[in-house]
2 protein chains.
Amino acid sequence: MKLSSEQINQKLKDAGLRVTPQRHAILEAVYTLGNHPSAEQVIDYIRVNHPGIATGTVYNVLDVLVDSRLVKRVKTDKDAMRYDAIMNRHHHIYCAETDRIEDYFDEELDDLLQSYFRKKNLQNFKIEDIILQIKGNFNDNSE
Amino acid sequence: MKLSSEQINQKLKDAGLRVTPQRHAILEAVYTLGNHPSAEQVIDYIRVNHPGIATGTVYNVLDVLVDSRLVKRVKTDKDAMRYDAIMNRHHHIYCAETDRIEDYFDEELDDLLQSYFRKKNLQNFKIEDIILQIKGNFNDNSE
DNA sequence: TTCTTATATAGGAATCATTCTTATCTAAGA
DNA sequence: TCTTAGATAAGAATGATTCCTATATAAGAA
Ligand SMILES: [Mn+2]
Ligand SMILES: [Mn+2]
Ligand SMILES: [Zn+2]
Ligand SMILES: [Zn+2]
């Protein structure tokens, strides 16, 4: 997913955030890297053009972006956090053997789940969001 | 879920593992604590009756138990790992505000998902497992 | 039962991701 | 242009986890 510089600024503004070069670079990195980068991958990416951005700033900004709903955290059973700039409803396919996490979009499935849980009407909690963790193995080796 | 001492030993043996007091205590802790304890909760629990077990041993043993499929890791968007002794297929309800993670069992849903993905027949990967992350808020305050 | 040894553990140092602290800087409204 | 609330740099600190290695032990063999 490629966004123009202006689109990135606009997203920051719309979220009520001050536009700084650091925030711009980091949000752009999460968009450009795709496939759920770790903070370290973001750091390596931005350092090329912005060698001065501090490590702590990357973590701070990622938190701010998550709080502002410009980015999501992706749940993992590894130590390092992963981030996702795709805010549209989608699910995640976890490779059983590597750290690869692929997106899975399926509106038909989302409708199915929604109507299933509406019918089920769980009593003691209100569902905000449902994400499938699909664990498996890729046949090919592509990204 | 309460298991007898013999049942725990048997599980370790069946997995081809040497039965040690450390492994016994740690596996028992994960069963007894329930609700997806962290390593730290396991440590606090076993220290009461086994003050000598080293912290590193708890992490080692938890890894061994995961490799031997006696315990699962639970995906989280927090730093600390969580563990689960319930190996039957089930889903997880994540509280949006706290670290509470509840189990959700639903065979009807599992069948629905299975037939949905059988029909869908995804081309480039083989599904091993599907777990729902249900995020929401609990109405009550119970465990 | 004792012996043997491959494997497991204790204890503590080390690592790594992340957070914290504080002096300095700057985005953006007045 | 001025002002200042809020953001960042730099590096120390923290917390979860891993690593190292000398010692201990489970469990099969004798
Ligand atoms: Mn940590
Ligand atoms: Mn960590
Ligand atoms: Zn995604
Ligand atoms: Zn569970």
Side-chain angles (χ1 to χ4, degrees), chain A residues 5-6 8-27 29-30 36-47 49-68 70-71 73-83 99, chain B residues 5-6 8-27 29-30 36-47 49-68 70-71 73-83 99:
Chain A
S5 187
E6 288 71 32
I8 288 171
N9 284 344
Q10 197 53 53
K11 281 191 179 283
L12 291 169
K13 279 183 195 157
D14 289 349
L17 298 175
R18 281 195 191 174
V19 178
T20 68
Q22 292 86 346
R23 287 174 175 173
H24 185 106
I26 292 164
L27 182 54
V30 180
H36 319 96
S38 62
E40 199 190 357
Q41 288 176 290
V42 170
I43 291 168
D44 291 347
Y45 179 86
I46 64 172
R47 283 279 162 81
N49 291 312
H50 306 269
I53 298 181
T55 300
T57 298
V58 175
Y59 286 98
N60 279 340
V61 168
L62 286 170
D63 277 357
V64 167
L65 296 178
V66 168
D67 289 348
S68 305
L70 291 174
V71 157
R73 271 188 252 274
V74 177
K75 289 182 178 43
T76 270
D77 57 12
K78 295 289 170 55
D79 189 47
M81 207 65 73
R82 306 277 294 263
Y83 298 88
D99 289 339
Chain B
S5 186
E6 289 70 32
I8 288 171
N9 284 343
Q10 197 54 51
K11 280 190 178 286
L12 291 169
K13 280 183 193 159
D14 289 349
L17 298 175
R18 282 194 189 174
V19 178
T20 67
Q22 292 85 348
R23 287 174 175 172
H24 185 105
I26 292 163
L27 182 53
V30 180
H36 319 99
S38 63
E40 199 190 358
Q41 288 177 288
V42 170
I43 290 168
D44 290 347
Y45 178 86
I46 64 172
R47 283 277 163 81
N49 291 310
H50 306 268
I53 298 181
T55 300
T57 297
V58 173
Y59 286 98
N60 279 340
V61 168
L62 286 169
D63 277 357
V64 167
L65 296 178
V66 168
D67 289 347
S68 305
L70 291 174
V71 157
R73 271 189 253 273
V74 177
K75 289 182 178 38
T76 272
D77 56 13
K78 297 289 172 53
D79 189 47
M81 206 65 72
R82 306 276 294 261
Y83 298 88
D99 289 337

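Excluded from the calculations below are hydrogen atoms, water molecules and symmetry mates; all remaining heavy atoms, backbone and side chain alike, are included.
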Could you tabulate the donor-acceptor pairs under 3.5 Å formed by side-chain atoms of residues 49-60 of chain A, not counting sequence neighbours?
residue: Thr55(A); atom: OG1; partner: Arg47(A); partner atom: NH2; Å: 3.2

Taking distance alone, no hydrogens or angles, what donor-acceptor pairs closer than 3.5 Å link side-chain atoms of residues 14-24 of chain B to residues at least two apart or in another chain?
residue: Asp14(B); atom: OD1; partner: Gln10(B); partner atom: NE2; Å: 2.8
residue: Thr20(B); atom: OG1; partner: Arg23(B); partner atom: N; Å: 3.0
residue: Arg23(B); atom: NH1; partner: Arg18(B); partner atom: O; Å: 3.0
residue: His24(B); atom: ND1; partner: Asn9(B); partner atom: OD1; Å: 2.8
residue: His24(B); atom: NE2; partner: Ser5(B); partner atom: OG; Å: 3.4

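A straight line from OH of Tyr83(B) to C1' of dA16(D) spans 10 Å, rounded to a whole angstrom. Computed from coordinates, the His24(A) NE2 to dT8(D) C1' distance equals 17 Å when rounded to whole Å. In this structure, Asp67(A) atom CG and dT19(C) atom P are separated by 11 Å, rounded to whole Å. Residue Asp44(A) contributes atom CG, which lies 14 Å from atom C1' of dA17(C) at whole-angstrom precision. Remark: C1' of dT9(C) and CZ of Arg47(B) are 13 Å apart, rounded to the nearest angstrom. Atom CD1 of Ile26(A) is separated from atom P of dA7(D) by 13 Å (rounded to the nearest Å). Regarding Leu62(B), its CG atom lies at a distance of 14 Å from the P atom of dA16(D), rounded to whole Å. When rounded to the nearest whole Å, the span between NZ of Lys78(B) and P of dG15(D) equals 16 Å.
Contact annotation for Val61(B): backbone-only contact, meaning every heavy-atom pair under 4.0 Å involves sugar-phosphate atoms and none involves a base.
A distance of 11.5 Å separates CD1 of Ile46(B) from CG of Leu27(B), quoted to the nearest 0.5 Å. From Leu62(B), atom CG reaches atom CG of Asp67(B) across 11.0 Å, with rounding to the nearest 0.5 Å. Residue Leu12(B) holds its CG atom at 6.5 Å from CG of Leu70(B), rounded to the nearest 0.5 Å.
When distances are taken from the side chain of Asp79(B) to each of dT17(D), dT9(C), dA16(D), the shortest belongs to dA16(D). Of the listed nucleotides (dA10(C), dA16(D), dT9(C)), dA16(D) has the atom at the smallest distance from the side chain of Glu40(B).
Within 6.0 Å of NZ on Lys11(B) lie no more than 12 heavy atoms contributed by other residues, nucleotides or ligands.
Considering all non-hydrogen atoms of both residues, Tyr45(A) and Ala29(A) come closest at CD2-CB, 3.4 Å. Residues Asp77(A) and Arg73(B) come closest through the heavy atom pair O-CD, 3.5 Å.
With sequence neighbours excluded, the residues satisfying side-chain contact (heavy atoms from CB on, under 4.5 Å) with Val74(A) are His36(A), Arg82(A), Asp84(A), His92(A), Tyr94(A), Ile101(A).
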Polar pairs (N or O, both sides) under 3.5 Å between protein and nucleotides 26-30 of chain C?
residue: dA27(C); atom: O3'; partner: Val19(A); partner atom: O; Å: 3.3
residue: dA28(C); atom: OP1; partner: Val19(A); partner atom: N; Å: 2.6

Below 3.5 Å is the cut-off: list the nitrogen or oxygen pairs between protein and nucleotides 18-24 of chain D, distance only.
none

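If one axis is set at each end of the helix from dT1(C)-dA30(D) to dA30(C)-dT1(D) from five pairs, those axes are 30° apart, to 10°.
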